[in-house]
2 protein chains.
Amino acid sequence: MKNQALTLLDTVERLGHLLRAGLRQAGTTNGLQPMHLQALLYLNEANRYSNTPQALAEYLGLTKGTVSQSLLLLARRRLIARHADEKDGRLVRLALTDKGKEVLKELGVGNAWRDALQQASPARLSSATKVLKEALAILQTKSGQKTFGVCVTCRHNLHIGPRSYVCGLTKEKLSSREVSKICREHSPIEENVA
Amino acid sequence: MKNQALTLLDTVERLGHLLRAGLRQAGTTNGLQPMHLQALLYLNEANRYSNTPQALAEYLGLTKGTVSQSLLLLARRRLIARHADEKDGRLVRLALTDKGKEVLKELGVGNAWRDALQQASPARLSSATKVLKEALAILQTKSGQKTFGVCVTCRHNLHIGPRSYVCGLTKEKLSSREVSKICREHSPIEENVA
DNA sequence: ACGCTACGTTTCGTGTCGATACTATTAATT
DNA sequence: AATTAATAGTATCGACACGAAACGTAGCGT
């Protein structure tokens, strides 16, 4: 047992491999690259502040030019729709088309995982999740990346009543559905400031 | 708390992103793609049965043609050495050059991780590792992939004395250093056959 | 009006990646 | 021994990812 952190790193790395290989295989059916599927998955979960090319680029850690190309391809195949924002002429809003949603459904991305983890005890599962989430948060802030969490775990999110939320950053009301979506401006609630 | 497995999946996915982004950034310094670094990392850990193009292709989940191209590039830059196997003329043995090892050292791949996980308690760390390893094994066998573990955890490995090992598959002696390397023929020891 | 910054696209060069076709060596069959 | 099959690797092609850099445009500041 030389270094626990490194064996965990290795395991996560291998899991990442598997996920990627799975995406690749799933994608070849539709002639899509892993990156395309990741984009679709992201857009399916992005809230109204985060459905733009720039946000996607930040999420994937790629340059905007690269992302622009891939979005062009996805639009060509009618998997996403693009239309300009009405308030801000610089922004392009991205949304999945029905066809795009269908592709995601057919993939059934998490299915293999659900099966694989069914044996594990929920307690240990949640413990593992917690460890990894902490690590993720540390690594993200350390590398200067945004965290891209859901509003529920965001310090800007204000729970002002039953099923009633407001984003302290934009002062806009958020539906209870929207607060479980990914936001580009997400800033995690700091709990253990010890 | 709708589905623990899926949130864990999500976290691992994001960690995979980060790892990949880190590799990409680290690689641009030397003009290398993530895949190249993964290849170098693999060759640094591969045992004598597994340092071939084919094994690398299986490890990365790519086709041999693709891998062949990347290896060509790495050889061009003198990061790896290629020479034919003496017994089997079809095989090409791959090895890191001194320059290749140096590149890996400069990267310091796991450093950020070590730091990020230093706060976590060892007990929870090992628990998380265990959960993920189980999931990994299940997913690997399910997707028909090889496990690529180290000999120590392989059912073929026989511990015949102090610091003395033999691979039951090839009947060859293995050094104590070699049994901690990655093997293509790895088959995990099944513990909980419950 | 002026620069300044942010968002997005375009272009270009390098490289990944799968598919296919090909060579060479070894193993299996007849 | 000769033929056939299987395995390891390479070569070529086309589609596309990716970063870098240049560009256009919209909003924001003085």
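So you know, we letter chains A, B, ... as the sequences are listed, proteins then strands, and number each from 1. Since the structure is predicted, the reported quantities are computational estimates derived from the model, not experimental observations. All values below were derived from every heavy atom in this structure, side-chain atoms included, with hydrogens, water molecules and symmetry-related copies excluded.
- Side chain of B:Leu73, nearest nucleotide from D:dG9, C:dC17, C:dG15: C:dG15.
- At least one donor-acceptor pair closer than 3.5 Å links the side chain of A:Thr97 to the backbone N or O of A:Leu79.
- Near DNA chain D, defined here as any heavy-atom distance below 4.0 Å, there are no residues from residues 16-30 of chain A.
- Considering only residues two or more places apart in sequence or on other chains, B:Lys146 meets the salt bridge (charged side-chain N to carboxylate O under 4.0 Å, His left out) condition with B:Glu58.
- At least one donor-acceptor pair closer than 3.5 Å links the side chain of A:Thr141 to the backbone N or O of A:Ala137.
- With hydrogens and angles ignored, the 3.5 Å screen pairs a side-chain donor or acceptor of A:Thr129 with a backbone N or O of A:Leu125.
- Checked by atom type, the side-chain pair B:Asp10/B:Thr7 shows no donor-acceptor distance below 3.5 Å.
- Note on B:Thr66: a side-chain N or O is less than 4.0 Å away from OP1 or OP2 of C:dG18.
- When the P atom of D:dC16 is taken as reference, atom CG of A:Leu72 falls 11 Å away, rounded to whole Å.
- Note on A:Arg184: only backbone sugar-phosphate atoms sit closer than 4.0 angstrom, heavy atoms only; bases stay farther off.
- A:Phe148 and A:Tyr42 have perpendicular rings, their planes meeting at more than 60° on a 0 to 90° scale where under 30° would count as parallel.
- With rounding to whole Å, A:Leu94 atom CG is found 13 Å from C:dT9 atom C1'.
- To the nearest angstrom, P of D:dC28 lies 6 Å from CZ of A:Arg90.
- Between the side chain of A:Ser50 and the main chain of A:Ala55, no donor-acceptor pair closer than 3.5 Å is present.
- Between B:His186 and B:Thr153, the side chains place a donor N or O and an acceptor N or O closer than 3.5 Å (distance only, hydrogens not considered).
- Nucleotide C:dT26 holds its P atom 9 Å from the CG atom of B:Leu91, rounded to whole Å.
- Using a 4.0 Å heavy-atom distance criterion, B:Arg77 is classed as a sugar-phosphate-only contact.
- The NZ atom of B:Lys64 sits 12 Å away from the C1' atom of C:dA19 (whole-angstrom rounding).
- A salt bridge links A:Asp88 with A:Arg90: at least one charged nitrogen is closer than 4.0 Å to a carboxylate oxygen.
- Using a distance-only test at 3.5 Å, with no hydrogens or angles considered, a donor-acceptor pair links the side chain of B:Lys99 to the main chain of B:Arg77.
- OP1 or OP2 of D:dT10 lies within a sub-4.0 Å distance of a side-chain N or O belonging to B:Ser68.
- Taking for each of A:Gly89 and A:Leu62 the nucleotide of DNA chain D with the nearest heavy atom, the 5'-most of the two is the partner of A:Leu62.
- Regarding B:Lys87, its NZ atom lies at a distance of 17 Å from the P atom of D:dA8, rounded to whole Å.
- When the C1' atom of D:dG9 is taken as reference, atom CG of B:Asp85 falls 13 Å away, rounded to whole Å.
- A straight line from CD of B:Gln33 to P of D:dA20 spans 11 Å, rounded to a whole angstrom.
- Within the 4.0 angstrom heavy-atom criterion, base atoms lie near A:Gly65.
- For DNA chain D, no neighbouring residue in residues 37-58 of chain A is found when judged by any heavy atom under 4.0 Å.
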